[in-house]
Amino acid sequence: MEPVRRKALVDAALRVIGDHGSLAVTMSDIARQAGVSPALAHHYFGSKEQLLIETIRSLLRQLRNDTVTALAAARTPRARLSAVIRVSFHADQFAPDTVAAWLAFYAEAQRSEETRRFLVIYARRLRSNLLADLKVLLPADAAERIAEGAAAMIDGLYIRQSLKSAPIGIEASIALTEDYLNALLATASPSPRSEKGRPHRTTQGQMT
């Protein structure tokens, strides 16, 4: 039962953080949402801080797994770029509770070095996944510039989703990012490697 209850507590933490819009929640709040006692929650995680760290680990792990699966199904560098974009706006990642939790963790990163480290892992992983296939299509300098711009656009659209008065839908977010990418790919000089292709590549690194 331990893995089941640990997951239930992580899922409950995500919901409670989403409802509150911040990390100012208690272990009792999370335990109540999970249907267990606060003592049991402390038994599995030791402290609220450790449960919150496991929650952000879980978000990153799911995003990584979804990316690996999507990249494995793509057959060309351009298709893999689209796969990365679509995964970034996947329905699970775009759920209101998940969006609110990500924003809460970004706020916490201003105070917590450990939280900041996990968010840096996310940013580096997104950039690396975009850059890997852009470098096949474009010279290195253009690939770097477009990867930075696409990553910033993905993050910006994600943050705008939190503005409930003017949310941006999943398909609209994907279309805007694809339009940005297509416009820059059309004006950039192709890389000499783009005609040769290269072996399939998936997302970088493993969860620490």
Side-chain angles (χ1 to χ4, degrees), residues 1-72 84 86-130 151-152 154-164 167 170 202-208:
M1 288 297 294
E2 180 173 349
V4 174
R5 285 177 172 164
R6 287 176 66 90
K7 184 179 187 307
L9 283 162
V10 168
D11 291 343
L14 188 61
R15 290 192 297 272
V16 172
I17 293 166
D19 288 344
H20 283 71
S22 77
L23 301 187
V25 299
T26 67
M27 199 67 129
S28 294
D29 293 331
I30 297 169
R32 188 180 310 113
Q33 178 72 43
V36 302
S37 69
L40 191 62
H42 280 286
H43 170 72
Y44 286 131
F45 289 99
S47 67
K48 185 188 84 170
E49 288 69 27
Q50 289 306 306
L51 175 52
L52 295 180
I53 288 299
E54 182 55 32
T55 302
I56 193 171
R57 277 179 178 271
S58 177
L59 287 171
L60 284 169
R61 192 159 46 237
Q62 185 60 55
L63 183 58
R64 183 197 65 193
N65 291 343
D66 289 346
T67 303
V68 169
T69 300
L71 288 174
V84 172
R86 184 161 287 278
V87 164
S88 297
F89 299 113
H90 190 275
D92 289 344
Q93 290 293 329
F94 239 39
D97 285 352
T98 305
V99 172
W102 273 110
L103 292 179
F105 281 120
Y106 270 103
E108 179 66 13
Q110 307 307 305
R111 299 180 292 273
S112 166
E113 179 62 27
E114 191 166 14
T115 302
R116 191 190 73 81
R117 182 172 67 86
F118 281 114
L119 294 174
V120 167
I121 288 173
Y122 155 74
R124 287 177 177 170
R125 193 174 284 163
L126 175 59
R127 181 180 180 278
S128 176
N129 286 331
L130 292 166
I154 288 169
D155 287 343
L157 288 168
Y158 195 87
I159 290 171
R160 286 189 65 182
Q161 179 64 13
S162 68
L163 304 176
K164 295 181 175 59
I170 292 173
T202 58
T203 188
Q204 69 165 12
Q206 295 296 317
M207 178 65 61
T208 58

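We use all heavy atoms of the structure for the numbers below, so side chains are in, but hydrogens, waters and symmetry mates are not. Along the sequence shown, the residues carry numbers beginning at 1.
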### Query
Strictly by modelled atom types, are Asp66 and Thr69 linked by a side-chain donor-acceptor pair under 3.5 Å?
no
For [X] versus [Y], what's the shortest heavy-atom pair and its separation?
| X | Y | value |
| --- | --- | --- |
| Arg125 | Leu60 | NH1-O, 4.0 Å |
| Ala104 | Ser22 | CB-CA, 3.9 Å |
| Gln50 | Phe45 | CB-O, 3.1 Å |
| Ala151 | Leu130 | N-CD1, 3.8 Å |
| Gln93 | Ser88 | CB-O, 4.2 Å |
| Ala12 | Gln33 | CB-CG, 3.6 Å |

Is a side-chain donor or acceptor of [X] paired with a backbone partner of [Y] at a separation under 3.5 angstrom?
| X | Y | value |
| --- | --- | --- |
| Lys48 | Ile30 | no |
| Asn65 | Gln62 | no |
| Thr67 | Val87 | no |

Spacing of [atom1] belonging to [X] relative to [atom2] belonging to [Y], to within rounding of 0.5 Å:
| X | Y | atom1 | atom2 | result |
| --- | --- | --- | --- | --- |
| Ser112 | Leu52 | OG | CG | 9.5 Å |
| Glu108 | Glu49 | CD | CD | 8.5 Å |
| Ile121 | Leu126 | CD1 | CG | 14.0 Å |
| Thr98 | Ile17 | OG1 | CD1 | 10.5 Å |
| Tyr44 | Leu9 | OH | CG | 8.0 Å |
| Arg61 | Leu63 | CZ | CG | 12.0 Å |

### Task
I would like to know whether Arg15 and Asp19 meet salt bridge (charged side-chain N to carboxylate O under 4.0 Å, His left out); could you show each step before the answer?
CA-CA 6 Å; Arg15 290 192 297 272; Asp19 288 344; over 6 Å; no
Should [X] and [Y] count as side-chain neighbours, where that means a heavy-atom distance under 4.5 Å?
| X | Y | result |
| --- | --- | --- |
| Arg127 | Arg124 | no |
| Ser28 | Arg32 | yes |
| Thr55 | Phe105 | yes |

### Query
So, is the end of the Arg57 side chain (NZ or CZ) under 6.0 Å from the ring centre of Phe118 and within 45° of the ring's axis?
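Output no; distance or angle outside limits.
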### Task
List the steps, then state whether side-chain contact (heavy atoms from CB on, under 4.5 Å) holds for Tyr122 with Asp155.
CA-CA 11 Å; Tyr122 155 74; Asp155 287 343; 2.6 Å; yes
### Message
Once you measure the plane-to-plane angle for Tyr158 and Trp102, does it fall in the parallel (<30°), tilted (30-60°) or perpendicular (>60°) bin?
### Response
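Rings of Tyr158 and Trp102: perpendicular, over 60°.
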